[in-house]
Amino acid sequence: MEVKPHSENWPLWEVFIRARQGLDHKHAGSLYAADAQMAIENARDVYTRRNEGISIWVVESKNIHASNPDDAGEFFDPANDKVYRHPSFYHLPEQVKNI
Amino acid sequence: MDLLSSYIIHQADNALILGHRNSEWTGHGPILEQDIALSNIALDLIGQARNFYQLAASRINELDPGEIITEDDLAYLRDGNEFKNFILLEQTNGDWAKTILRQFYFSSFQLLQFRELVKSQNTELAAISEKSVKETRYHVKWSSEWVIRLGDGTSESHSRMVSAQQDLNPYIAEMFTPADFDYEAESSRAGILPDKLKEEWYQRVNRILEIATLPVISEEKKTMQILSGKNGVHSEHLGFLLAEMQFLQRAYPGCQW
Amino acid sequence: MPAQQELFDQKIEQEIRIEPKDWMPDDYRKMLIRQMSQHAHSEIVGMLPEGNWITRAPSLRRKATLVAKVQDEAGHGLYLYSATETLGITREETIEQLHAGKAKYSSIFNYPTLSWADIGAIGWLVDGAAIMNQVPLCRASYGPYARAMIRICKEESFHQRQGFEILLTLSRGSEAQKQMCQDAINRWWWPSLMMFGPNDDASPNSQKSMQWKIKRFTNDELRQKFVDVCVEQVKTLEMQLPDPQIKWNETTGHYDFGEINWEEFYEVLKGNGPCNKERLEARKKAHEEGAWVREAAAAHAAKKDYSTNTFMHGSQTA
């Protein structure tokens, strides 16, 4: 048996839920769990009690890397200019359906 | 009461008493997430109990239309000697080890039983079992994982699990000892004799206990069973449990809540 | 003014949400941590007065719905702790603050639940007041807080309806049940009004909180709204609110009501309420007695590869 005392601190996990077929997984919140199995079960208990989900992803929070909001300007602005990437830029006559 | 109704009530009582015990943890669990997990299990069990009580009530009302009874009459107006739950389930919660071990032992049994009951000649029993099997699979998974975590965790958790086994193992035999309503269920093909589930139960349970580095259990030597929850001869715990649970209905008889 | 402060002020002005890694003034961060963690603590401590009656719920349906409600409160606490942690404090630290008496929780939960009717009164009045406070928070300036509140508000309406239904059933029952109902209303009415906090002119934190759009309406505004709503609802119950001074005011278009016993409010806040000690002790006990469980799970995870494969292999399906 082990000799040294164990930390009781469980890692923090971020939870992503896919609500229905066809949708993306969306960030729902975070929770503590000792391992991935527990994290998934806890996520099911906490975030899908009212049938709010059919698929669960859990990731240890430490494994999430985020962009720096201060860089938002240079990171995201160039895309703002490129309006032609958005479907609404193109005006099609009414008769053209399904596009 | 006819034997088949007793059989159904036995299922209901098991689910209610364990659901009640589990619900006692609400607000007192070792971590918030597990508080929610155990209350979910409690809710599943209370739901099962309601289904079984409603079935029993409608059956009893059909057979004896004199006085119409409800699920609540069955849950709240019977005394301890009329309850047919396993003594295992009325035991006090103890610590987390005892609670999850109790769940593990019982859910492992319930799963095997529901697997058979889905084929029941009694279509309502089959339907309830169909609904309950999925939940029970989850209960087995959840409790198995905890048995393993605690058995193979720290030396403290390991010794608490061993204590829990010492407390609960004496109550295992009752699960496989048929009562008169079990024989009736088997012969009418409504259910199955519980001792037919024994071998597989020990196999599955011991498999998990081994992974958990806990002592495996062997079928109890034939020790005299003095108490029999299934026959209404309970441990002292049930009286206190029912006194608390039934208080309002007894203190204010005949009221709507 | 530094660019960051200006950008922050602009976001607040334009109702653009502040997100976890955005720059924010220290005071804003501190205020949020305090408010959100205390909100979380309130949910968790709030499980106790209602949890008391789970084992005594008088019907199977009431038993199930009460477990579900209290479980929801655990979930709400969890959403709020989770949102608070995005501000750079751990749940563990906030819980230490609670247990050390450094963090507060809503005083209402320091009152005892003495009868089944109390469960109804809590659902109707306490959850009712909470909803009134919480709906505006769905537009709080801090993103994670607003999102947690949206989730919470969706679940909360079942709680209030459940409570009211309990009281309605009692109000249509036996004499003893009617008395039980009125008695619970008598004991929970004033503490529910206190949930909205001190009068506006006695509330120092409110101003800054409103400026930063964490808080949207003042204490008195919300309290008045609550009174107006309850005075109508109590008529359905054919019960009385324990305030002889409640009277329709034609000029203001609201119901006037009596003076709150502020001495009681501050006493309970200070720690001298009926159940302060018991509530905190229950939470400390659960936490301390749970330590070995948390340690064991952490130890086990450290020993094993915690991919799902391990467990799939170990458990069986029927």
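Every chain is numbered from 1, with letters handed out A, B, ... down the list of sequences.
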Taking C-beta and beyond as the side chain, do [X] and [Y] meet within less than 4.5 Å on heavy atoms?
X	Y	answer
C/Lys63	B/Leu16	yes
C/Lys304	B/Ile148	no
C/Ile44	B/Leu32	yes
B/Arg50	C/Arg61	yes

Can you establish whether the number of heavy atoms outside [X] located under 6.0 Å from its atom [atom1] is more than 12?
X	atom1	answer
B/Glu244	CD	yes
B/Glu130	CD	no
B/Lys131	NZ	no
C/Glu238	CD	no

Heavy-atom pairs under 4.5 Å with chain B, option from [options] with the top count:
options	value
C/Asp72, C/Leu66, C/Leu48, C/Val67	C/Val67
C/Ala57, C/Ser115, C/Gly77	C/Ala57
C/Arg56, C/Glu50, C/Lys285, C/Glu288	C/Arg56
C/Thr169, C/Val45, C/Leu170	C/Thr169

Quiz prompt | Straight-line distance of B/Asp35 CG to C/Leu78 CG, nearest 0.5 Å | solution = 10.5 Å
Quiz item: Could you state the interatomic distance from CZ (C/Arg283) to NE2 (B/His28), rounded to the nearest 0.5 Å?
Solution: 8.0 Å
Quiz item: Are C/Ile54 and B/His20 close enough, and set up right, to give a side-chain contact (heavy atoms from CB on, under 4.5 Å), and what steps lead you there?
Solution: CA-CA 8 Å; C/Ile54 286 174; B/His20 180 95; over 6 Å; no
Quick one: does [X]'s side chain have a donor or acceptor within less than 3.5 Å of a partner on [Y]'s backbone?
X	Y	answer
C/Gln177	B/Gln256	yes
C/Gln71	B/Ile36	yes
B/Asp72	C/Leu60	yes
C/Arg294	B/Pro30	yes
B/Arg149	C/Ala299	no

Hey, which of [options] has the most heavy atom pairs under 4.5 Å with chain C?
options	answer
B/Glu33, B/Glu24, B/Arg21	B/Glu33
B/Trp96, B/Trp146, B/Tyr76	B/Tyr76
B/Arg160, B/Glu210, B/Gln34, B/Glu200	B/Arg160

For the residue pair [X] and [Y], what are the closest heavy atoms and their distance?
X	Y	value
B/Leu150	C/Ala296	CD2-CB, 3.7 Å
B/Trp257	C/Arg62	O-NE, 2.6 Å
C/Ala176	B/Tyr252	CB-CE2, 3.7 Å
C/Ala286	B/Gly27	CB-O, 4.5 Å
B/Gly153	C/Lys303	O-NZ, 3.2 Å
B/Ser23	C/Thr55	OG-CG2, 4.4 Å

Quiz item: Which bit of B/Tyr53 comes within less than 4.5 Å of chain C, counting heavy atoms only: side chain, backbone, both or neither?
Solution: side chain
Quiz item: What part of B/Ala97 lies closer than 4.5 angstrom to a heavy atom of chain C: side chain, backbone, both or neither?
Solution: both
Quiz item: So B/Thr154 and C/Glu295, side-chain hydrogen bond (donor to acceptor under 3.5 Å, both in side chains) or not? Walk me through it.
Solution: CA-CA 7 Å; B/Thr154 58; C/Glu295 272 164 34; 5.4 Å; no
Quiz item: Given the rule in the side-chain contact (heavy atoms from CB on, under 4.5 Å) test, do B/Thr26 and C/Met47 qualify, once you have shown the distances and angles that lead to the verdict?
Solution: CA-CA 8 Å; B/Thr26 314; C/Met47 293 170 72; 4.1 Å; yes
